[in-house]
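Below is one structure, written out as structure tokens; the observations come after it.
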There are 2 protein chains.
Amino acid sequence: MYRCMMDKEAHQLKDFLELGGLKSTKERETILKELEVLEEHFNAEKLYSILSRKGTKVSRPTIYRTLKLLERFHLIERLDVKKNCFYYEPMSHKKDHGHLVCEHCGRIIDFASESIQDLKSEVFEGKNFKLDNISIQIFGICETCQKTSKIKS
Amino acid sequence: MYRCMMDKEAHQLKDFLELGGLKSTKERETILKELEVLEEHFNAEKLYSILSRKGTKVSRPTIYRTLKLLERFHLIERLDVKKNCFYYEPMSHKKDHGHLVCEHCGRIIDFASESIQDLKSEVFEGKNFKLDNISIQIFGICETCQKTSKIKS
DNA sequence: TTCGTTGCAAAGCTTTTGCACGAAT
DNA sequence: ATTCGTGCAAAAGCTTTGCAACGAA
């Protein structure tokens, strides 16, 4: 299962890196540190601009490479939210949950649900499919946008 | 709600087109006709090559534009399956269902589930979120690939 | 005739890659 | 001393756009 992230990410990463004969660099630590405090869903570009603004700029290629690395180690998870780019889940979001994606403002809201577990059991029992990761997106209009409904049909 | 598609797509489309002051062209009909018989999930490039092979080639820009049009009319639905491109649901797939996406061979298998309805009710009751469309992807390894498991961990 | 539509070529955007330099072990 | 990682610039891959020619109403 992806999606899940331990508390001491840094340690984990270092272990993984060592195991894989990979190196711990200041760029990787910068990114990891940012992800530990990041509350929102993000993509490569957003991370790039956050770090740039903070004066700890890391190049785009390195950001992309590092995100891939972290994904491979299941330390972050890639989302699928109808944008033509990759979005990621912050490390702080842990257990199984789905995403409410507002089609008006683009906001992504996590939601937990009993039914997700049911769904997994059903699929596991019904089909001979080795589950890895479940990804649930519900598209619609969030509360805020419904109120300020400047929404064109 | 997206995802749902009536039987007489062509009629529907013509109505929509008329309503919007849009025109019915042979390119749009070619695409629509292909989508009516297409069994598999597809993307723009796949559609392009199918039509090209059949000798009813339509340019890429037109394919992209038409798919967008059909999506706008809720005649097809865009999927989110961890590829860096848009995948669509064929018109023949109707009611609420999720997708099992094999991470090894890339195959997409539809599955229906009671729990999807539960999930929708839960969200509808719990949050003040105006539902539009639910998108469920379960990633893992399909039966076939498990058997022929040449899978690198 | 009037607009919407098409195809081409070019541009746009996100992501990836080649390569030389630099840093970690 | 190796070997891996970084940044730059360039390429790649998918999608969109500008524009002139075309075609449906």
Side-chain angles (χ1 to χ4, degrees), chain A residues 10 13-34 41-52 54-73 75-88 106, chain B residues 10 13-34 41-52 54-73 75-88 106:
Chain A
L13 182 66
K14 233 164 195 163
D15 295 347
F16 278 124
L17 290 174
E18 270 172 30
L19 278 171
L22 305 173
K23 286 171 182 168
S24 161
T25 66
K26 81 176 184 335
E27 288 82 359
R28 285 173 179 169
E29 290 192 0
T30 302
I31 292 174
L32 203 63
K33 214 156 266 168
E34 185 57 42
H41 299 79
F42 64 97
N43 60 14
E45 190 57 31
K46 183 165 181 176
L47 186 53
Y48 176 75
S49 71
I50 290 175
L51 294 180
S52 299
K54 285 196 177 179
T56 51
K57 177 167 163 173
V58 172
S59 73
R60 280 195 187 79
T62 297
I63 292 203
Y64 281 103
R65 285 184 283 231
T66 305
L67 290 181
K68 240 177 195 171
L69 191 72
L70 296 177
E71 195 196 353
R72 190 143 56 80
F73 291 155
L75 296 181
I76 57 176
E77 181 205 353
R78 211 154 84 177
L79 299 180
D80 306 292
V81 287
K82 292 215 178 186
K83 312 267 174 185
N84 191 17
C85 74
F86 300 142
Y87 263 77
Y88 291 87
Chain B
L13 182 66
K14 234 165 193 162
D15 294 346
F16 277 124
L17 290 175
E18 272 172 28
L19 278 172
L22 305 173
K23 286 169 182 171
S24 162
T25 66
K26 81 174 184 336
E27 287 82 1
R28 285 174 180 168
E29 289 192 1
T30 302
I31 292 174
L32 202 64
K33 214 156 265 167
E34 185 56 44
H41 298 80
F42 64 97
N43 59 14
E45 190 57 32
K46 183 165 183 176
L47 186 53
Y48 176 75
S49 72
I50 290 175
L51 293 180
S52 299
K54 286 195 176 176
T56 50
K57 176 167 163 173
V58 173
S59 73
R60 280 196 188 81
T62 297
I63 291 203
Y64 280 104
R65 285 185 283 230
T66 305
L67 290 181
K68 239 177 196 173
L69 191 72
L70 297 176
E71 195 195 353
R72 191 143 57 80
F73 291 156
L75 297 180
I76 56 175
E77 181 204 354
R78 212 154 84 177
L79 299 180
D80 305 291
V81 287
K82 291 214 180 190
K83 314 265 173 187
N84 192 16
C85 74
F86 301 141
Y87 262 75
Y88 291 88

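Every chain is numbered from 1 and lettered A, B, ... according to where its sequence line falls, protein lines coming before strand lines. Just so we're clear, the structure is a prediction, and the values are computed from it rather than from any experiment.
Atom-to-atom, CD1 of A/Ile63 to C1' of C/dT14 comes out at 13 Å; the value is rounded to the nearest Å. Per the geometry, CD belonging to B/Glu45 stands 8 Å off P belonging to D/dT15, to the nearest Å. In this structure, CG of B/Leu47 is placed 15 Å from C1' of D/dT15, rounded to the nearest angstrom. Remark: C1' of D/dG7 and CG of A/Leu51 are 15 Å apart, rounded to the nearest angstrom. To the nearest angstrom, P of C/dT6 lies 15 Å from OH of B/Tyr48. The nearest whole Å value for the distance from the CZ atom in A/Arg28 to the C1' atom in C/dG22 is 14 Å. In this entry the distance linking CZ of B/Arg78 with C1' of D/dT16 reads 12 Å, nearest Å. One atom, CD of A/Glu29, and another, P of D/dC4, lie 19 Å apart when rounded to the nearest Å.
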### Task
For A/Glu29 and A/Ser24, run side chain to side chain donor-acceptor pair (under 3.5 Å): C-alpha distance rounded to whole Å, both residues' side-chain angles, the deciding distance at 0.1 Å, then the answer.
CA-CA 7 Å; A/Glu29 290 192 0; A/Ser24 161; 3.1 Å; yes
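Listed nucleotides D/dT6, D/dT15, D/dT17 differ in distance to B/Arg65; the shortest reach to its side chain belongs to D/dT17. Comparing D/dT16, C/dT15, C/dG7 by their closest approach to the side chain of B/Glu27 singles out C/dG7.
The minimum heavy-atom distance linking A/Lys23 with A/Arg28 is given by the pair O-NH1, 2.6 Å. Annotation for A/His41 and A/Lys46: closest pair O-NZ, 3.7 Å, computed over non-hydrogen atoms. A/Ile31 approaches A/Ile63 most closely through the heavy-atom pair CD1-CA, 4.1 Å.
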Find every protein N or O atom lying less than 3.5 Å from an N or O atom of nucleotides 10-12 of chain C, and list the pairs.
none

Filtered N/O pairs between nucleotides 23-25 of chain C and protein, under 3.5 Å:
unit_1	atom_1	unit_2	atom_2	d
C/dA24	N3	A/Lys23	NZ	3.2

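Neither OP1 nor OP2 of D/dT15 sits under 4.0 Å from any side-chain N or O of B/Lys68. Note on A/Ser59: every side-chain N or O is 4.0 Å or more away from OP1 and OP2 of D/dT6. For the pair A/Tyr64 and C/dT15, the criterion of a side-chain N or O lying under 4.0 Å from OP1 or OP2 is met.
Residues meeting the side chain to side chain donor-acceptor pair (under 3.5 Å) test with B/Lys57, sequence neighbours left out: B/Tyr48. A/Arg72 pairs by the side chain to side chain donor-acceptor pair (under 3.5 Å) definition with nothing, not counting sequence neighbours. A/Glu34 is linked by a salt bridge (charged side-chain N to carboxylate O under 4.0 Å, His left out) to A/Lys54, counting only residues two or more places apart in sequence or in another chain. With sequence neighbours excluded, no residue satisfies salt bridge (charged side-chain N to carboxylate O under 4.0 Å, His left out) with A/Lys33.
A donor atom on one side chain and an acceptor atom on the other are not found under 3.5 Å apart for A/Ser49 and A/Ser52.
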